Amino acid sequence: MKWTAKSVGNEAKLLLIGIPVLLWTLIPVYHMVLFAISPRGEATTGKLWPDSPTFDNFATVFHQKHFYLDHFWVQLGNSVLIAVAVGVITLFVATTAAFAISRLRVRGGRTVMNMALFTYFIPAAFLAVPMYKTMGNYGLLNSQWSLILAMVTIASPYCIWVLKQASDKLPYELDEAARMDGASPLQLFRLVYLPLMVPSLVAVGTYALLLAWNEYLYAFLLLSNDRSVTLAVALGNFLAADDSPWELLMATGLIYALPPAAIYYAFKRYMVGGITAGAVKS
């Protein structure tokens, strides 16, 4: 590559922006790791690295040796169950809705989609109390289904819109050819639509899963039993005491952050390409 004054200047500008952003992102993670591997009381001494780093905090978390961690594995399992359920249900709802709107062109489909997207003009936090009342009317409070349904409601409009945009880029000649061969709408959906939409399906499914995994407000409002709450809510219990075990909080938080990070990096190429592009070109 031939370097010119202009290209060197552009690279320098990118570095001047990128390095501070990178440091701003990594410093909180560094402090999180610092607390997690420090003995109690040592992380707040101002040292850049503990004198005697230890993994005892992780052992305490895994073996549930603190009363804040009595239900750690159950709560982690709740987080996994709820996140996966939200991802699967949202994917089913969004996929079928986008197929009906884009490929079957049902009457009023686009209007319904636009009305659903209109709900995003209202911050999700403002809908928490109405959602709480609705779940109470149906007797779903303190049931994990209440949180699953709430998160599906929040995630679905955006996922439908993304899949609809990707579906519009598929050539309609494929549908016509399948119909000429006698394919039913269900066969068209299963044999033509789904295989071509895989990148976008993975992208929106991952989005819905991570949205549910990181949710705190709705989980705090809708679930109250220690054995039914998610680990995100349980982490808030660490802040209830005047002398909180920060090293255990950070160790637990670090463990909780690993699954979404792994999921993101596993499906990163789908997250970038699936949301922004159609599946094929005509």
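All heavy atoms count here, side chains included; hydrogens, waters and symmetry mates do not. From a predicted model like this one, the values you see are computed outputs, not experimental measurements. Residue numbers count from 1 along this sequence.
- Remark: D181 pairs with no residue by the salt bridge (Lys or Arg N to Asp or Glu O under 4.0 Å) rule, at least two apart or across chains.
- Proximity of T252 to Y68: side-chain heavy atoms (C-beta onward) are nowhere separated by under 4.5 Å.
- The hydrophobic cluster containing L149 also contains Y216, counting ILVMFWY residues as joined when their side-chain heavy atoms lie under 4.5 angstrom apart, directly or transitively.
- Between A208 and V86, the shortest heavy-atom contact is O-CG1, 3.8 Å.
- Taking the side chain as every heavy atom from C-beta outward, V162 and Y207 never approach each other to under 4.5 Å.
- Although no hydrogens or angles enter the test, the distance criterion places no donor-acceptor pair under 3.5 Å between the side chain of H63 and the main chain of K65.
- Here the side chains of F238 and L69 are in contact, with some heavy-atom distance below 4.5 Å.
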I'd like a table of donor-acceptor pairs (distance under 3.5 Å, sequence neighbours excluded) in which one partner is a side-chain atom from residues 128-138, with atom names and distances.
from : atom 1 : to   : atom 2 : distance (Å)
T134 : OG1    : P130 : O      : 2.9
N137 : ND2    : K133 : O      : 3.4

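- Within the structure, the ring-ring contact (aromatic ring centres under 6.0 Å, His included) test picks out the following pairs touching residues 100-119 (sequence neighbours left out): F118-F121.
- In terms of modelled atom types and a separation under 3.5 Å, the side chain of S79 and the main chain of Q75 share a donor-acceptor contact.
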| request: Begin from the C-alpha positions of F35 and N57 and carry the test side-chain contact (heavy atoms from CB on, under 4.5 Å) through to its verdict. | output: CA-CA 9 Å; F35 270 90; N57 296 326; over 6 Å; no
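- Smallest separation of non-hydrogen atoms from L104 and P185: CD2-CB, 4.3 Å.
- Hydrophobic clustering (ILVMFWY, side-chain heavy atoms < 4.5 Å, transitive): M115 and W161 are in distinct clusters.
- For the pair I255 and L231, the minimum side-chain heavy-atom distance is 4.5 Å or more.
- Counting non-hydrogen atoms of other residues, nucleotides and ligands closer than 6.0 Å to CZ of F220 gives a total of 12 or fewer.
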| request: Please report the C-alpha distance between L221 and Y218 in whole Å, then the side-chain angles of each, then the deciding distance to 0.1 Å, and finally whether the side-chain contact (heavy atoms from CB on, under 4.5 Å) criterion is met. | output: CA-CA 5 Å; L221 286 176; Y218 281 82; 5.8 Å; no
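- The two residues A97 and I160 have their closest heavy-atom pair at CB-CD1, 3.8 Å.
- Looking at every heavy atom in both residues, L34 comes nearest to P50 through CD1-CD, 3.2 Å.
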| field | Audit row: L196, L174, side-chain contact (heavy atoms from CB on, under 4.5 Å) steps and yes/no | value | CA-CA 11 Å; L196 295 175; L174 296 175; 3.4 Å; yes
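- Crowding of Y172 atom OH: a count of heavy atoms from other residues, nucleotides or ligands under 6.0 Å exceeding 12.
- Of all non-hydrogen atoms in N142 and N225, the two that sit nearest each other are OD1-N, 3.1 Å.
- One N or O on the side chain of R103 and one on the backbone of L170 form a donor-acceptor pair closer than 3.5 Å.
- Hydrophobic clustering, with ILVMFWY side chains joined whenever heavy atoms are under 4.5 angstrom apart, groups L201 together with I89.
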| N78 and H71: CA distance, side-chain angles, deciding distance, side-chain contact (heavy atoms from CB on, under 4.5 Å) verdict | CA-CA 10 Å; N78 293 339; H71 307 293; over 6 Å; no
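- For the pair V233/L223, no side-chain contact is recorded, criterion being any heavy-atom separation below 4.5 Å from C-beta on.
- Counting heavy atoms of neighbouring residues, nucleotides and ligands inside a 6.0 Å radius, atom OH of Y120 exceeds 12 of them.
- In plain terms, the two heavy atoms of A83 and W213 that are nearest each other are CB-CE3, 4.0 Å.
- Partners of R40 according to the salt bridge (Lys or Arg N to Asp or Glu O under 4.0 Å) rule, which considers only residues two or more places apart in sequence or in another chain, are D243, E247.
- Through direct or relayed side-chain contacts under 4.5 Å between Ile, Leu, Val, Met, Phe, Trp and Tyr, L26 connects to L22.
- By the salt bridge (Lys or Arg N to Asp or Glu O under 4.0 Å) test, D168 is found to be paired with K164, residues two or more places apart in sequence or in another chain being considered.
- Residues L211 and I122 share a hydrophobic cluster, clusters being chains of Ile/Leu/Val/Met/Phe/Trp/Tyr side chains in contact below 4.5 Å.
- At least one side-chain heavy atom of L76 sits less than 4.5 Å from a side-chain heavy atom of Y256.
- Taking the side chain as every heavy atom from C-beta outward, C159 and L91 never approach each other to under 4.5 Å.
- Side-chain atoms of E215 and L217, non-hydrogen and from C-beta on, do get closer than 4.5 Å to each other.
- By the rule that hydrophobic residues join a cluster once side-chain heavy atoms approach within less than 4.5 Å of another member, L258 and I37 end up as members of separate clusters.
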